Amino acid sequence: MGDRTHAHTGAAGRATTADGPASVRNVVLVGPSGSGKTTLVEALALTAGALNRAGRVEDGGTVSDHDEIEQRRQRSVQLSLVPVEWGGYKINLLDTPGYADFVGELRAGLRAADAALFVVSAAQEADAVAVTARPVWEECAAVGMPRAVVVTHLDTARTSFDEMTRVCGRIFGGDDPDAVLPLHLPVRGPEGPDGHARLTGLAGLLTGRISDYSSGERTEHPPVGDRRAPLLEARDRLIEGIIAESEDETLMDRYLGGGDIAVGTLVEDLERAVARGSFHPVLTAAPAPDGARQGVGTVELLDLVTRGFPSPLERTLPDVTTPDGSPRPAPVCDPKAPLVAEVVKTSSDPYVGRVCLVRVFSGTLHPEDTVHVRGHGLADPGHPARPFHDADVRVGALSSPFGGRQRPVDACVAGDLACVSRLGAAETGDTLSPAGDPLLMEPWTMPDPLLPLAVRARSKADEDKLSHGLARLAAEDPTMRLEQNPDTHQVVLWCMGEAHTDVALERLRNRYGVQVDAVPHLVPLRETFASRTVGRGRHVKQSGGHGQYAICEIEVEPLPSGTGIEFVDKVVGGSVPRQFVPSVEKGVRAQAARGVAAGHPLVDVRVTLLDGKSHSVDSSDAAFQTAGALALREAAADTRVQLLEPVAEIRVLVPDDYVGAVMSDLAGRRGRVVGTEQESGDRTRIHAEVPEMEIGRYTVDLRSLTHGTGRFDRAYARHEPMPPQLADRLREAEENHTNGT
């Protein structure tokens, strides 16, 4: 594998189309930020003839990073598709961001792809690779994605392919490091002025043949005459690793007995092992020098993709059901079968509006087809539900994206990807199926955003555009949640991290023309009475004509947490007429919702109506509502009102080395650790209860504390009394804010 030369079959500027699922390869490039994924896409597209010249990330000129934000930040922030052709195959290269804040884009790429090129940088230290690459590797493993490892930046001084291969075997191989082995060894030229030898080619371990890229075009040389010890040792280990994955149990005995095994047999077993995800070959690649047509190792990578990676026909497709949950037969990857497709990404185009990137799993999608669009909807604690979509929609134009450019296509067959315009309100994760037979695909999970960003429109004109811009952002990015908090009256975007919030604010400003300010996020506090008390509400007014007369006496006592407001009627003798008792309750509940001390809702009290007075003419429903509210306020003035703060249950997963630091940090946040449990891979899950006021930025702080290795989830537990000294400081701050000091 990787020792053959193909002619360039792609063409710059021409839309690529697939003849059928067998001729398609959907490959996602994944890896930590800075590993060189985008540069590798450029190199592969150049080698395949889809580009005439490779761009540079530093110059903001790559085909993948076509968004203005990406060009300014020199970092990928969204999924990008670059289709190329190689050896009669269409290869859909899906470039994903490596930064943790954009894991939603990574999961979208994994959903759309059938195999992955896992990119790591040889310029990184081993510990850094373990920290940054392992979470991404685990994302791939969780969905059973076949992977090959690509080592980049070997032209950087003081880098070692052998060392990085050992690191990858240790980190990614788990109990079987021999499941991660190189297919080639790098060949270097003479040392330069800096004492570093430039990468010029590869030595194939199975054939020993040399792939020479020193001229800018790949050429082959016969096997090296002196089989050096490192080459022989690496070759033997690779053959043993391939045989261990072979379905032919006689191969190992033949090999250990000194028998000769044909290279073709080894290649076939290797291809099968890679396709089923049990073996992860390690390769290397470098971008082409200026003026060259091929970067080192790019031909080998394209050959691996076309021969060793699975086609859409080999993928186990997600289950489907009817909208009511009834199971349906599994879809088949056949262009003639009924349509089953899924929106894997949505974005906005300034000229055509919303554009959906669709993976067709079964059937064929044509322009102007009428399809049924159905979504699962999303509902998260503390956030409003996103309604599901359930409508027949006429598909607009189909196009094949090439980075930021769209090139029209006539159809999208099973196994392929295409962009669709005019797909109604479709969002990421929605299923496309025949109009008369709606289906739902098994959903894929998205992480819960845990960093709140409260925003406020800068002007009245911005306020009018804000809701539209925020709704578009939330529709495009399923890892972003939009909340209109009824208690704090804040508009809150829940994001994955600081980089995610920065991109959201920049898109609001530049894409939707909305100027907003980030404001401190407020948690929803509550109030309750600390002890039993009484109150009297007197509302008597006479100013000519019909007057207002209502008097009521109430008793208020605290109740256990979570009880809410309980109203009890103990009036005797008709001092408050029966028809006005509900009016008193309505007034009490309305005042409780507004708060009685600091303006936060009152909860967990029993209000008992004891007595009152009425007037045969001047008493009314409105008068007794007012009296009930006044009585509750008077009762609050005669006792201490406690502030209640929300407490969250959090579960923090960290490597064992950071358990002590995380527990100490939680204690400093007024948290209570309630238990720990050991997880696989030398990690511990910490269970704790922490006030929500203390974990507003915990996503950022935990990442810093654990060097990016920790993660957590949270859920609302209850409201608890706030410490008096903290409550006093908060009341003082609120009073100063109200008074403008």
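Quick caveat, the model's predicted, so the values are computed rather than measured. One is the number of the first residue; the rest follow in order along the sequence.
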Where do T445 and R107 land on the side-chain contact (heavy atoms from CB on, under 4.5 Å) test, with the steps shown first? CA-CA 8 Å; T445 60; R107 293 190 181 181; 3.6 Å; yes

Do Q294 and L46 pass the side-chain contact (heavy atoms from CB on, under 4.5 Å) test, and can you show the C-alpha distance, the side-chain angles, and the key distance before you say yes or no? CA-CA 7 Å; Q294 295 176 341; L46 179 67; over 6 Å; no

Run S160 and D162 through side chain to side chain donor-acceptor pair (under 3.5 Å) and show every step you take. CA-CA 5 Å; S160 169; D162 293 339; 5.2 Å; no

Determine whether R237 and D178 satisfy the following criterion, salt bridge (Lys or Arg N to Asp or Glu O under 4.0 Å), listing intermediate values before the conclusion. CA-CA 8 Å; R237 191 178 178 195; D178 285 344; 2.7 Å; yes

Applying salt bridge (Lys or Arg N to Asp or Glu O under 4.0 Å), run through K90 and E85 and close with a yes or a no. CA-CA 5 Å; K90 178 185 179 184; E85 291 185 12; over 6 Å; no

Test side-chain contact (heavy atoms from CB on, under 4.5 Å) applied to V187 and L202, step by step: CA-CA 5 Å; V187 175; L202 302 173; 5.6 Å; no

Would V355 and V420 count as a side-chain contact (heavy atoms from CB on, under 4.5 Å) if you check the C-alpha gap in whole Å, the side-chain angles of each, and the deciding distance to 0.1 Å? CA-CA 6 Å; V355 177; V420 184; over 6 Å; no

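T152 places no side-chain N or O within donor-acceptor distance of the main-chain N or O of G36, the cut-off being under 3.5 Å. Looking at T265, its side chain never comes within 3.5 Å of a backbone N or O of I261 through a donor-acceptor pair. With T47 contributing its side chain and L44 its backbone, the two residues share no donor-acceptor pair below 3.5 Å. For R711 (side chain) and G708 (main-chain N/O), no donor-acceptor pair under 3.5 Å exists by modelled atom type. Side chain of R147 to backbone of M145: a donor-acceptor contact under 3.5 angstrom is found. Judged by distance alone, with hydrogens and angles left aside, the side-chain atoms of D155 form a donor-acceptor pair with the main-chain N or O of L199 at under 3.5 Å. Remark: the backbone N or O of G415 is paired with a side-chain donor or acceptor of N26 at under 3.5 angstrom. The backbone N or O of S311 sits less than 3.5 Å from a side-chain atom of E314, completing a donor-acceptor pair. Not one N or O on the side chain of E476 forms a donor-acceptor pair closer than 3.5 Å with the backbone of S347. Of the possible polar contacts, one joining the E42 side chain to the V63 backbone as a donor-acceptor pair under 3.5 Å is found.
From D212, atom CG reaches atom OG1 of T219 across 4.0 Å, with rounding to the nearest 0.5 Å. Here OG of S80 is found 8.5 Å from CG of L94. Values are rounded to the nearest 0.5 Å. For the atom pair CE (M164) and CD (E125), the distance works out to 8.5 Å, reported to the nearest 0.5 Å. In this structure, OG1 on T159 lies 12.5 Å from CD on Q124, to the nearest 0.5 angstrom. If you take OG1 on T38 and CG on L93, they are separated by 11.5 Å, rounding to the nearest 0.5 Å. One distance of note links CZ of F161 with CZ of R166; it measures 11.0 Å at 0.5 Å rounding.
Heavy atoms only, all atoms of each residue included: L79 and G109 are closest at CD1-CA, 3.8 Å. In terms of heavy atoms, R703 sits closest to M496 at NH2-O, 3.6 Å. The two residues H184 and G204 make their nearest non-hydrogen contact at CD2-CA, 3.6 Å. The shortest heavy-atom contact between T364 and P335 is OG1-O, 2.8 Å. Considering every non-hydrogen atom in both S121 and V129, the closest pair reads O-CG2, 4.4 Å. Heavy atoms only, all atoms of each residue included: P310 and P146 are closest at CG-CG, 4.0 Å.
L251 places a side-chain heavy atom less than 4.5 Å from the side chain of D269. Side-chain atoms of C333 and F361, non-hydrogen and from C-beta on, never get closer than 4.5 Å to each other. At least one side-chain heavy atom of L117 sits less than 4.5 Å from a side-chain heavy atom of V27. Residues L432 and E342 have side chains not in contact (no heavy-atom distance under 4.5 Å, counting atoms from C-beta outward). By the 4.5 Å heavy-atom criterion applied to side chains, T96 and L29 are not counted as neighbours. In this structure the side chain of L185 never reaches within 4.5 angstrom of the side chain of T284, judged on heavy atoms. Between V274 and L270 the shortest side-chain heavy-atom distance falls below 4.5 Å. For the pair V282/L181, no side-chain contact is recorded, criterion being any heavy-atom separation below 4.5 Å from C-beta on.
With no hydrogens or angles considered, a side-chain donor-acceptor pair links S278 and E245 at under 3.5 Å. When only modelled atom types and interatomic distance are considered, T200 and S214 share no side-chain donor-acceptor pair under 3.5 Å. One side chain, H500 or D477, offers a donor N or O that lies under 3.5 Å from an acceptor on the other. Using modelled atom types and a 3.5 Å distance limit, the side chains of S246 and D248 yield no donor-acceptor pair. Using modelled atom types and a 3.5 Å distance limit, the side chains of E220 and S211 yield no donor-acceptor pair.
Listed by first and then second residue, the ring pair (Phe, Tyr, Trp, His ring centres under 6.0 Å) pairs that reach into residues 117-140 are F118-W137, F118-F172, W137-F172, W137-H280, sequence neighbours excluded. Among residue pairs with one or both ends in residues 27-37, none qualify as side chain to side chain donor-acceptor pair (under 3.5 Å); sequence neighbours excluded.
Annotation for R53: atom CZ does not count as buried by contact number, only 12 or fewer foreign heavy atoms lying within 6.0 Å.
In this structure, the salt bridge (charged side-chain N to carboxylate O under 4.0 Å, His left out) partners of D114, at least two apart in sequence or on a different chain, are R315, R359.
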